[in-house]
Structure formats: C-alpha cells, structure tokens
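Structure first, commentary second.
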Amino acid sequence: MSGWIDISQRLVKGIPIWPGDTPFSYQLSWSKEESGSVNVGQITLSTHTGTHIDAPFHFDEEGKRVIDLDLDLYIGRVRVLHLPDPIQIGIEELQSKNLKGVTRLLIRTDTWIDRSAFPHAIPPVAPELAPYLQEKGIRLLGLDLPSVDPLDSKELPAHHALTDHGIHILEGAVLDGVDPGDYQLAALPLPLAEADGSPVRAALKRLE
C-alpha cells in the first residue's frame, strides 16, 4: 500500500463529457498479432475530459497555455474541505474554515453523485470568492465538479475572476469519501505546448 488515494476519474468509454465535446475513446492502432511484437494504443479525447486542469487560454485568447503553467501549483501540500451540498461556493461558505498557510485548496461538495452522467446543475464558485482566496494566499482551487461556473454560463465569471487573482483551476476531482484535512497533492498536467487544458492523474497522500 503506497498510501496514495487516486482522485481521478477513470478514462473509460462512456465517461461523461461536456455536452457536445469530444467523446473519449481508446483503441489499438497495432495489435501484437499484427505487429509481431507489441500492442500500441490510440486515444481520442477532449483536453477537458475527466479530472483536468484549465489553462487561462481556455477562456482568454491571450491567456497562458498549459506548457506555460507553474508546475509547483499542481504538486505539494493541499487542504481538503468538505462543504456538503452547498448552493454556491462563496465567502460565506468558507469564512469559518481555517485557511492559514494554505496554497492549494480542494473542496468536496458531494453534489455530483452519479459519475456515469454529466450533471444537470452544480453549485458555482461566486466570483467574489477569488480576491478572498488570493488574500489567503491560495493559488490553486480544485473541485469535485466539472466547472467552477454555472453549466449554462457563457461569460464564465468565476473562471475569469480566479485567473485575474492568480488562482488556477482543477476540475472533476473524485473526492468521495476523502476526509477533510491536509494531504500531499500530485496532479500534473501533460506538457501540451498549445493546449487550453489537460487531463491529470490526480492523487492525494494524507499528511500526519
């Protein structure tokens, strides 16, 4: 037992995706029988499939691409908070929480129960939370949700507010059963030079 907790969505056929986005698929390009030596697979997926990070270019033409992001954001100490079934994620919901010394924050909401289907609605992040988190020193916000904004939003106010305040975004984490507390986080994006986002293999290890 390594002690690491996998908080990634499994990349399997039928994984729920943003409506209209690219479905995930994996197939063999070469089989061992065909090649005589190896199986070689091919994957097709959106950069926002499953557990993933958003680069600012996702919603800002002048924003940083994945390759430009600071890797330190995605590996290191993280605090997990449990906010069961909130209406939104705002200052009021976090005011009573101890965020002293926190750089990376994961919020478990338990509102995306059926992981086999894309949710109809989610509790959004209130844009005014961004300066509050920045003041606390937080630079990465992760959620067990597919977005930080309402699913029908075109303006994406939380995405923009978080980025404007130096906070990066991790979406689609699987935090079911993860107890609140401090952990080591590893959720590194792929070195995609031009991309607007990247799937990650996200994992937590409890700190004593």
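In what follows, every heavy atom counts, from backbone to side chain, and hydrogens, waters and symmetry copies are set aside. Heads up: numbering here begins at 1 and tracks the sequence. This structure is a prediction, so every number in the text was calculated from the model and none was measured.
- Note that CG of Asp70 and CG of Asp68 are 11.0 Å apart. Values are rounded to the nearest 0.5 Å.
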Can Phe57 and Glu62 be said to form a side-chain contact (heavy atoms from CB on, under 4.5 Å), step by step?
CA-CA 6 Å; Phe57 177 61; Glu62 304 302 319; over 6 Å; no
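- Taking both residues in full, the closest heavy atoms of Pro189 and Ile53 are given as CB-CG1, 3.8 Å, listed atom of the first, atom of the second, then distance.
- Checking Asp6 against Ser8 by side-chain atom types alone, a donor-acceptor pair falls below 3.5 Å.
- Residues Leu69 and Lys64 are in side-chain contact: their nearest non-hydrogen atoms beyond the backbone lie under 4.5 Å apart.
- Of the listed residues (Asp179, Asp110, Thr109), just one forms a side chain to side chain donor-acceptor pair (under 3.5 Å) with His82, and that residue is Asp110.
- For the pair Leu133 and Leu105, the minimum side-chain heavy-atom distance is below 4.5 Å.
- Between Arg79 and Tyr183, the closest side-chain pair of non-hydrogen atoms is not below 4.5 Å.
- Contact check for Leu129 versus Leu94: side-chain heavy atoms found under the 4.5 Å cut-off.
- Surrounding CD of Glu128 are more than 12 heavy atoms belonging to other residues, nucleotides or ligands, all under 6.0 Å away.
- Nearest heavy-atom pair, Arg115 versus Gly172, reported as atom, atom and distance to 0.1 Å: NH1-O, 3.7 Å.
- Going from atom CG of Leu11 over to atom CZ of Phe24 covers 5.0 Å, rounded to the nearest 0.5 Å.
- Under the 4.5 Å side-chain criterion, counting only non-hydrogen atoms from C-beta, Leu190 is in contact with Ser198.
- His159 and Asp54 share a donor-acceptor pair across their side chains, judged by distance under 3.5 Å alone.
- Residue Arg201 qualifies as open at atom CZ: its count of foreign heavy atoms under 6.0 Å is 12 or below.
- Residues Leu207 and Ile138 are members of separate hydrophobic clusters, defined by side-chain heavy-atom contacts under 4.5 angstrom among Ile, Leu, Val, Met, Phe, Trp and Tyr.
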Between Asp114 and Ser116, is the side-chain hydrogen bond (donor to acceptor under 3.5 Å, both in side chains) condition met? List the steps.
CA-CA 5 Å; Asp114 181 6; Ser116 68; 2.5 Å; yes
Between Thr22 and Ile17, does a side-chain contact (heavy atoms from CB on, under 4.5 Å) hold up when you go through it step by step?
CA-CA 8 Å; Thr22 306; Ile17 57 169; 5.8 Å; no
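- For the atom pair Glu93 CD and Leu81 CG, the distance stands at 12.0 Å (nearest 0.5 Å).
- Taking each heavy atom of Leu140 and Leu73 in turn, the nearest pair found is CD2-O, 3.2 Å.
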With side-chain contact (heavy atoms from CB on, under 4.5 Å) as the criterion, how do Leu156 and Val148 come out once you've worked through the C-alpha distance, each side chain's angles and the decisive distance to 0.1 Å?
CA-CA 8 Å; Leu156 303 178; Val148 295; over 6 Å; no
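- Between the CD atom of Glu155 and the CG atom of Asp149 there is a distance of 9.0 Å, given to the nearest 0.5 Å.
- In summary, the side chains of Thr47 and Asp196 do present a donor paired with an acceptor at a separation below 3.5 Å, with no hydrogens or angles considered.
- Cluster annotation: Leu83 and Leu175 are assigned to distinct hydrophobic clusters (Ile/Leu/Val/Met/Phe/Trp/Tyr, side-chain heavy-atom contacts under 4.5 Å, transitive).
- In the hydrophobic clustering of this structure, Leu170 groups with Val78; members are Ile, Leu, Val, Met, Phe, Trp, Tyr whose side-chain heavy atoms approach within less than 4.5 Å, directly or through other members.
- Pairs passing the side-chain hydrogen bond (donor to acceptor under 3.5 Å, both in side chains) check and including a residue from residues 130-141, sequence neighbours excluded, do not occur.
- Checking each of Ile113, Leu145, Leu151 against Pro119 for a side chain to side chain contact (heavy atoms under 4.5 Å, CB included) leaves exactly one that passes, namely Leu151.
- Remark: the backbone N or O of Val178 is paired with a side-chain donor or acceptor of Arg108 at under 3.5 angstrom.
- Of the inter-residue distances, the one linking His165 atom NE2 with Leu141 atom CG reads 13.5 Å to the nearest 0.5 angstrom.
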His58 and His48: CA distance, side-chain angles, deciding distance, side-chain contact (heavy atoms from CB on, under 4.5 Å) verdict
CA-CA 10 Å; His58 179 44; His48 300 269; 3.2 Å; yes
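- Enclosure of atom CH2 in Trp18 by more than 12 non-hydrogen atoms of other residues, nucleotides or ligands within 6.0 angstrom is indicated.
- Panel note: side chain Arg104, backbone Arg77; a donor-acceptor pair is recorded below 3.5 Å.
- The CD1 atom of Ile169 sits 6.0 Å away from the CD atom of Glu171 when rounded to the nearest 0.5 Å.
- Closest approach of Ile89 and Pro86 over heavy atoms only: CG1-CG, 4.2 Å.
- The hydrophobic cluster containing Leu188 also contains Val200, counting ILVMFWY residues as joined when their side-chain heavy atoms lie under 4.5 angstrom apart, directly or transitively.
- A donor-acceptor pair under 3.5 Å is formed between the side chain of Trp112 and the backbone N or O of Ala117.
- Looking at heavy atoms from C-beta onward, Pro150 lies out of side-chain contact with Ile122 at the 4.5 angstrom threshold.
- Heavy atoms from other residues, nucleotides or ligands lying under 6.0 Å from CD1 of Ile43 number 12 at most.
- Among all heavy-atom pairs drawn from Pro199 and Thr49, the shortest one is CB-O, 4.0 Å.
- By the 4.5 Å heavy-atom criterion applied to side chains, Val102 and Asp182 are not counted as neighbours.
- Asp60 has its side chain out of reach of Thr163: every pair of non-hydrogen atoms, C-beta onward, lies at least 4.5 Å apart.
- A continuous path of hydrophobic side-chain contacts links Tyr74 to Val80 [ILVMFWY only; heavy atoms under 4.5 Å].
- Closest approach of Ser29 to Gln42, counting heavy atoms only: OG-CB, 3.2 Å.
- Shown here are the ring-ring contact (aromatic ring centres under 6.0 Å, His included) partners of His160, two or more places apart in sequence or in another chain: Phe59.
- In this structure Asn39 satisfies the side-chain contact (heavy atoms from CB on, under 4.5 Å) test together with Leu28, Ser31, Lys32, sequence neighbours excluded.
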